[in-house]
Enquirer: 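Take this structure first; my questions come after.
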Amino acid sequence: MLKRTHTCGELRAKDIGKEVVLNGWVSSARDHGGLVFVNIRDRYGVTQTVFDPANSPKLMEAAKSLRSEDVVAVKGKLRARPGSQINKDMPTGETELLAGGFELLNRAEVPPFEVVDDTNASEELRLKYRYLDLRRPHLQNILALRHKAADIVRGYLSRHNFLEVETPVLTKSTPEGARDYLVPSRISKGKFYALPQSPQLFKQLLMVAGFDRYFQIVKCFRDEDLRADRQPEFTQIDIETSFLDREDIYNIMEGLVCELWKNAAGVELKRPFDRLAYSEAIERYGSDRPDRRIPWELQDATAVFKGSGFKAFAGVVESGGIIKAINIKNRADKFSRKDLDAAGEFVKSYGAKGVASLKGIEKFLSDKEKAELKTKLDIKENDLILLIGDKLKVVNDSLGSLRVELGRKFEAFDNKKIDILWVTDFPLMEYDEKEKRHMSLHHPFTSPNPDDLKLLETEPAKARALAYDIVVNGSEIGGGSIRIHNREIQQKIFDLLKISREEAKKRFGFLLEALTYGAPPHGGIAFGFDRIVMLLAGTENIRDVIAFPKTTSASCLMTEAPSDVDPVQLKELGIKIS
RNA sequence: GGGGACGUAGAUCAAUUGGUUGGAUCGUCGCCCUGUCACGGCGAAGGCUGCGGGUUCGAGCCCCGUCGUCCCCGCCA
């Protein structure tokens, strides 16, 4: 076959006169009767080839049969386009390849949709023919960006003395956390491996083993429902270190994040990153992953409504709930009755009964109450005040989410701005009403803050953890903690979580045992690599950054996985489907 | 598990209050065309309206079920 001498994206004016060969896909073929233009596309770009009868009438006739997505090799001399024919929208637009010969490497069927960036084909169809969708420059660029980001991560961490170590994919179900994907064992019938939700225990064991700086770009699996930013298998940058405290980890990781944004997106981030305590994040933004680009904050107005003429809120205060408000500055005129109804529907999904606008409830309020609100919320002409009264958690969840929803709707911030911060001092655990016990907020190997050890005895839910998340534009891109390296403290945590000694021993006795053989103080972090690439690429959907993603029902439209298996396979595994 | 939106030529969409023969654009196919680049012109083919049931004289449209896609809540240490 004719082998390419150049890619379809590199030919420029300086190459004019060269004999070249291009390989690629026909992206468009324009037959003018007496002259045929064929654009050839590969991963690097598009180059126009021209079949001119003045050069070879026979060749031109043959080129007339070319169709979109045929695979071709074209040989010829690169020439300048006539001045008026230069295409400024194409990087290769100053030149064209005058075909002197071509080879049809493979014929393509008519594709189910046009392979162009501004395709309007449904995502369903594009997922079924993902290999065609991936031919689009947009997706090719994102996957190239993903590769670059991975390369930056490996480079940075390697320079900082981290070792990439692989950990098992066929492993053991870990405690708490997400639902596991299970893999039946043929050799031990009736037993199962679990795919890792993260290599958490292995990276801690690597610390015990003395690999004081470990990382891995690694697939993780969680059998939970999907979202626009959640896939059942996803990629983490998993990191663990020994002999470092939180400050050291913040420092090294800020360096990594800055290098990612600088080298992959050309954005300089300011260091050090801001820090915000979890409690303050909830108070001011109603969320542990605040998007601070949106200007409005949640304000507590509970005191104003105590015994108020607005009975709904007075009742909320009476029963121990809270009232919070946001002041959406200077946008009252852009918020219709219909918008308010929509906001009401929106907050209902978070368990709130509804949302009140100040305008709507003003008539029930005394002059004093109105004056208090005006001062407290700094109300000016045309400000839109929205209020929710309910139980603490419901108010924070619903009003915090509404804040983000309306921030996006009103485009109340600069889209190019990057807001990055650490959220610190998470609670170690919280009480679960359904399970009637405390549950780890992060995971059961997270170290309590030494200052709060006494609280563990009295009010465990108030004890802070040495845990931290890193948040970019309201999206959690990573989280980690200092771990427990002391067997007694680890046992104490299990006791508080009501994980019995037998249970603990059965499920991760190997870790407990390892902690007794000289475990160094250690801690780490895991970044959601897909989410980082989403932010770098500026896309809202995780499927855009994964080559072969799954639908929201966790199936692959291309391979049709999951699928039935041969009964023989099941028999070998000792599995019966009921 | 719950809520919402959607499903009509190969693709993207339209189709009056439930009413005669279900349209448009892109693509495809044929003919014409020497400077296009989403080429252009003329013409043609292409439909089990996701699937199953029901209501009705009559269903793309209404009802029930089912399958699939997307978004959200729950879930995701």
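The shown structure was predicted, so the numbers you read here are calculated from the model rather than taken from an experiment. The sequence lines fix the lettering, A, B, ..., with proteins before strands; numbering per chain opens at 1.
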Enquirer: Rounded to whole angstrom units, what separation is found between the NZ atom of K128(A) and the C1' atom of rG10(B)?
Expert: 12 Å
Enquirer: What are the atom names and distances for every N/O pair under 3.5 Å that joins the protein to nucleotides 11-13 of chain B?
Expert:
from: rU12(B); atom 1: OP1; to: S122(A); atom 2: N; distance (Å): 3.0
from: rU12(B); atom 1: OP1; to: S122(A); atom 2: OG; distance (Å): 3.1

Enquirer: Could you tell me the Watson-Crick or G-U partner of rA5(B), where both distances fall under 3.5 Å? Say none if there is no partner.
Expert: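 rU69(B) is the nucleotide pairing with rA5(B).
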Enquirer: Work out how far the C1' atom of rU16(B) is from that of rC70(B), and round it to whole angstrom.
Expert: 30 Å
Enquirer: In terms of side-chain heavy atoms of R30(A), which of rG35(B), rU69(B), rC39(B) is nearest?
Expert: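 Within the option list, the nearest is rC39(B).
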Enquirer: R81(A) has an atom CZ; how far is it from atom P of rC37(B), in whole Å?
Expert: 11 Å
Enquirer: Nearest whole Å is fine: how far is rG35(B) P from L35(A) CG?
Expert: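 Nearest whole value for this atom pair: 7 Å.
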Enquirer: Return the value, rounded to whole Å, for the distance between atom CZ of R222(A) and atom P of rC75(B).
Expert: 15 Å
Enquirer: Can you identify which nucleotide, out of rU28(B), rG35(B), rC72(B), has its nearest atom closest to the Y350(A) side chain?
Expert: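 Within the option list, the nearest is rC72(B).
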Enquirer: Rounded to whole Å, please give me the gap between CG in L557(A) and C1' in rC67(B).
Expert: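 That distance rounds to 13 Å.
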Enquirer: Within the 4.0 Å heavy-atom criterion, would you say D31(A) contacts the bases, only the backbone, or no part of the nucleic acid?
Expert: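 Base, at least one base atom sits under 4.0 Å.
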Enquirer: With under 30° as parallel and over 60° as perpendicular, where do the rings of Y181(A) and F221(A) fit, or are they tilted in between?
Expert: perpendicular
Enquirer: Atom CZ of F51(A) to atom P of rC33(B): distance rounded to whole Å?
Expert: 20 Å
Enquirer: Would you classify S84(A) as touching base, sugar-phosphate or nothing, given that sugar-phosphate means primed atoms plus P, OP1 and OP2, and contacts are heavy atoms under 4.0 Å?
Expert: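 Counting heavy atoms under 4.0 Å across all strands, no contact is made by S84(A).
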Enquirer: Output the rounded distance in Å from CE (M90(A)) to C1' (rU36(B)).
Expert: 11 Å
Enquirer: Under the criterion of centre distance below 5.5 Å and interplanar angle below 30°, is H32(A) classified as stacked on the base of rC39(B)?
Expert: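 Yes; centroid distance and tilt both under limits.
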Enquirer: Report the residue from I16(A), T95(A), N87(A) that forms a side-chain contact (heavy atoms from CB on, under 4.5 Å) with R81(A).
Expert: N87(A)
Enquirer: Using a heavy-atom cut-off of 4.0 Å across all strands, would you classify R543(A) as base, sugar-phosphate, or nothing?
Expert: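 Contact class for R543(A): sugar-phosphate only.
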Enquirer: Separation of E124(A) atom CD from rG7(B) atom P, in whole Å?
Expert: 12 Å
